[in-house]
Amino acid sequence: MSDSTSTAASATPSAEEAEVKLSANEGLKEASEYLRGSIREELANDAPNFTGDATQLLKHHGTYEQDDRDRRKEAKAEGVPGGKYFSMMVRTVIPGGKISSEQMLAQLDLCEDVAEGNLRLTTRQTIQVHGVPKKNLHHYIHKVNEIGLTTIAACGDVCRNMMCSPVPLKNAVYDGMQDLTDRLLHHFKPRSGAYAEMWVIDNESGEKTSVAGGPPTKVGHNAEGLEPIYGKTYLPRKFKMGVGLPEDNNADVYTQDIGFLAITEGQGSDRRIVGYNIVVGGGMGRTPSAAKTFPAVGQPLCYAPIGEEIAVAEAVVKVQRDFGDRSDRKTARLKYLVANWGIARFKEKVEEYVGRDLAPPKLVVVSGQNDGMGWHEQGDGLWYYGLNIENGRVKDEGDYRLKSALREICTTMAPPLRITGHQSLIFCDIPDGDQAKLESILKSHGVPLSDSFSNARRWSMACVALPTCGLAVTESERILPSLMTQIEAELAKHGLQDETFTTRMTGCPNGCARPYNAEIGLVGRAKEKYTMFLGGALRGDRLNWIYKDMVHADDVAPELGKVFGYFKANRTAGETLGDFCDRVGKEAVLAACE
């Protein structure tokens, strides 16, 4: 490759590109002084909410403005400004889901002190809280930074939290994957001083604490240069990455904009990572009314030996920065650029940016996932325990007091923790002999152990949806537990109660719970109505297809009961539900289940 790649990698658009009418968000970012805008001024006023421009910029700082949709009528009746009880959702960046007991305790304190009182483990291995009043937003984000975490780039048109297979096995392979996850987060973190100015500097002392996960951040409007990777307008849309293994795809690498699949050599204790297959163009969001939108699983791009993976990733990000659609946010994700160009042309452009030819991907396939639930030996004489948490909600409610149990465990045992890509939690470094103590604390707080969950429920998850998500058209998190009870009953009728398959539910088509590669996907379409998808794979490398549209919530389990009966009668030995539906196809399933 020639040295002209530096010119090709410039963020300056061509004359043809300059004629494209940009979306409003592009102008907003351009004028924001690197994500500052009016946020600081609006934080200081007495209004209960931010203006529209500020709400868009705040996403890059890790927070969304929301309201309680269950209380809108009440708010209007009481004459609340805007007719809404406004508050903020704040998301913390936690690469690979790694968090200490001390940090978890601080998060529990914060959710009780200045938020709605519970927190949520997300599908991207992070923590988010809802119900933070605008007046408490600075306090919340400042405290998150004080405990060595950050919220920067948890949302917005940037590279977001880096996912990684969360299993805490003590070996070179898992250590290597976690190391790459940390390095990716550091490398792609925005460098703007805006975040430190607004949230990290102590208002009383004027002293600046460190911003976790990155280099020292310059403070002051005139003290920084351009963002070296993002440029002045950052990326066209959000950008996601994840790291996994062929036999452990808990990070769902095929749903990411960039997925890293570790390639290893050797056996046992001599097994080492030698490089990564890099897949590009995954993404779950879609708009049913816009045929130009679609979910996608990533396509293999290349193989990158150890030491070259971040350079390739940076080239991919810069290609998306310079050629991604900035005129229509519905088609601004990397998956549309890959689909429009084709993988061959896209690879050529990435090679141009990275400055060399890229090796073809290795011939390996994803074979499974490891959610880490239950007791397992870590490889160093200590143990870890994976606790299944239904839909990731950490709360005290009636006899179920998970939040209190977690507080006691973090105080008395203080294990390192890992959040999984399935919204659950792993307690690490448990000494031999302390297993009973951990279980006792959970049981005494009414928290069911992981082995009490059916396989179907264990592998289910939902997005938040109502009442806080402004995009939700119907329920998800609040109804999936009861729906799973109905699904379990249908499975039992056919003797399938031990089957393992993924069920993922969202309150709208945006796909935050990754429903489009699940074996059963349930996507909100209208109030109490869902699109039902079948035929994805537990291993995560295949899209599903629409089985039926506009199915009422009350009819979902009975419809699945028909599918289970057909599956039971016609499956091959050991065949999974998703593989069966994919093999026989949509028309056969529909014909058999009418």
Side-chain angles (χ1 to χ4, degrees), residues 123 369 371 373 388-393 400 422-424 448-466 474-508 511-525 527-540 544-571 575-582 584 586 589-590 592-594:
T123 58
Q369 282 203 36
D371 65 350
M373 295 297 97
N388 189 77
I389 300 175
E390 204 160 5
N391 301 319
R393 184 67 68 176
Y400 177 78
H422 277 267
Q423 306 169 305
S424 293
L449 301 182
S450 295
D451 60 9
S452 67
F453 288 88
S454 69
N455 288 337
R457 192 177 295 263
R458 167 177 163 180
W459 287 96
S460 69
M461 65 180 181
C463 71
V464 174
L466 298 174
T474 192
E475 299 284 357
S476 183
E477 178 187 344
R478 295 196 294 196
I479 72 164
L480 185 58
S482 60
L483 178 59
M484 289 309 302
T485 299
Q486 299 173 46
I487 291 174
E488 287 167 339
E490 294 291 342
L491 288 166
K493 289 179 185 178
H494 299 284
L496 297 171
Q497 59 271 14
D498 295 328
E499 286 298 308
T500 298
F501 55 85
T502 46
T503 302
R504 297 175 179 172
M505 187 179 209
T506 60
C508 81
C512 291
R514 305 192 295 275
Y516 302 116
N517 66 337
E519 287 164 279
I520 298 173
L522 304 169
V523 176
R525 284 279 277 129
K527 185 178 180 180
E528 299 183 337
K529 292 185 178 180
Y530 299 84
T531 305
M532 296 180 64
F533 293 80
L534 297 174
L538 179 71
R539 58 189 178 272
N544 47 29
W545 36 260
I546 295 176
Y547 170 59
K548 290 188 177 181
D549 197 15
M550 300 296 283
V551 179
H552 193 278
D554 293 341
D555 297 326
V556 168
E559 283 289 345
L560 288 174
K562 300 175 188 177
V563 176
F564 296 153
Y566 180 50
F567 168 59
K568 174 67 178 294
N570 296 277
R571 71 188 299 189
E575 191 172 32
T576 64
L577 176 64
D579 287 350
F580 169 78
C581 291
D582 179 66
V584 302
K586 176 178 179 178
V589 177
L590 282 171
C593 298
E594 284 298 329

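Residue numbers count from 1 along this sequence.
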With a 4.5 Å limit on heavy-atom distance, are the side chains of [X] and [Y] in contact?
X      : Y      : answer
Asp549 : Tyr530 : no
Met373 : Phe453 : no
Cys581 : Phe567 : no
Asn391 : Gln423 : yes
Trp459 : Thr503 : no
Met505 : Ser460 : no
Leu466 : Arg478 : yes

How many angstroms lie between [atom1] in [X] and [atom2] in [Y], if you round to the nearest 0.5 Å?
X      : Y      : atom1 : atom2 : result
Trp545 : Met532 : CH2   : CE    : 10.0 Å
Leu560 : Lys548 : CG    : NZ    : 10.5 Å
Leu577 : Thr500 : CG    : OG1   : 11.0 Å
Gln369 : Leu538 : CD    : CG    : 5.5 Å
His422 : Met461 : NE2   : CE    : 5.0 Å
Glu490 : Glu559 : CD    : CD    : 10.0 Å

Short side-chain to backbone donor-acceptor contact, [X] and [Y], under 3.5 Å:
X      : Y      : answer
Thr474 : Gly524 : no
Glu519 : Gly535 : no
Arg514 : Thr123 : yes
Ser450 : Asn388 : yes
His494 : Gly561 : yes

Could you check whether Arg571 pairs with Glu499 (Lys NZ or Arg NE/NH1/NH2 to Asp/Glu carboxylate O, under 4.0 Å)?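 Looking at Glu499 together with Arg571, the answer is yes, because their closest N to O distance falls below 4.0 Å.
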
Would you check, one step at a time, whether the test side chain to side chain contact (heavy atoms under 4.5 Å, CB included) holds for Leu534 with Asn544? CA-CA 5 Å; Leu534 297 174; Asn544 47 29; 5.7 Å; no

Does [X] have any side chain to side chain contact (heavy atoms under 4.5 Å, CB included) partners at least two apart in sequence or in another chain, and if so, which?
X      : value
Lys568 : Leu496
Ala465 : Cys463, Ala472, Ser476
Asp579 : Arg539, Arg542, Glu575, Thr576

Are Tyr516 and Phe533, when compared by the centres of their aromatic rings, separated by less than 6.0 Å?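 Yes, they do, as the ring centres are separated by less than 6.0 Å.
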
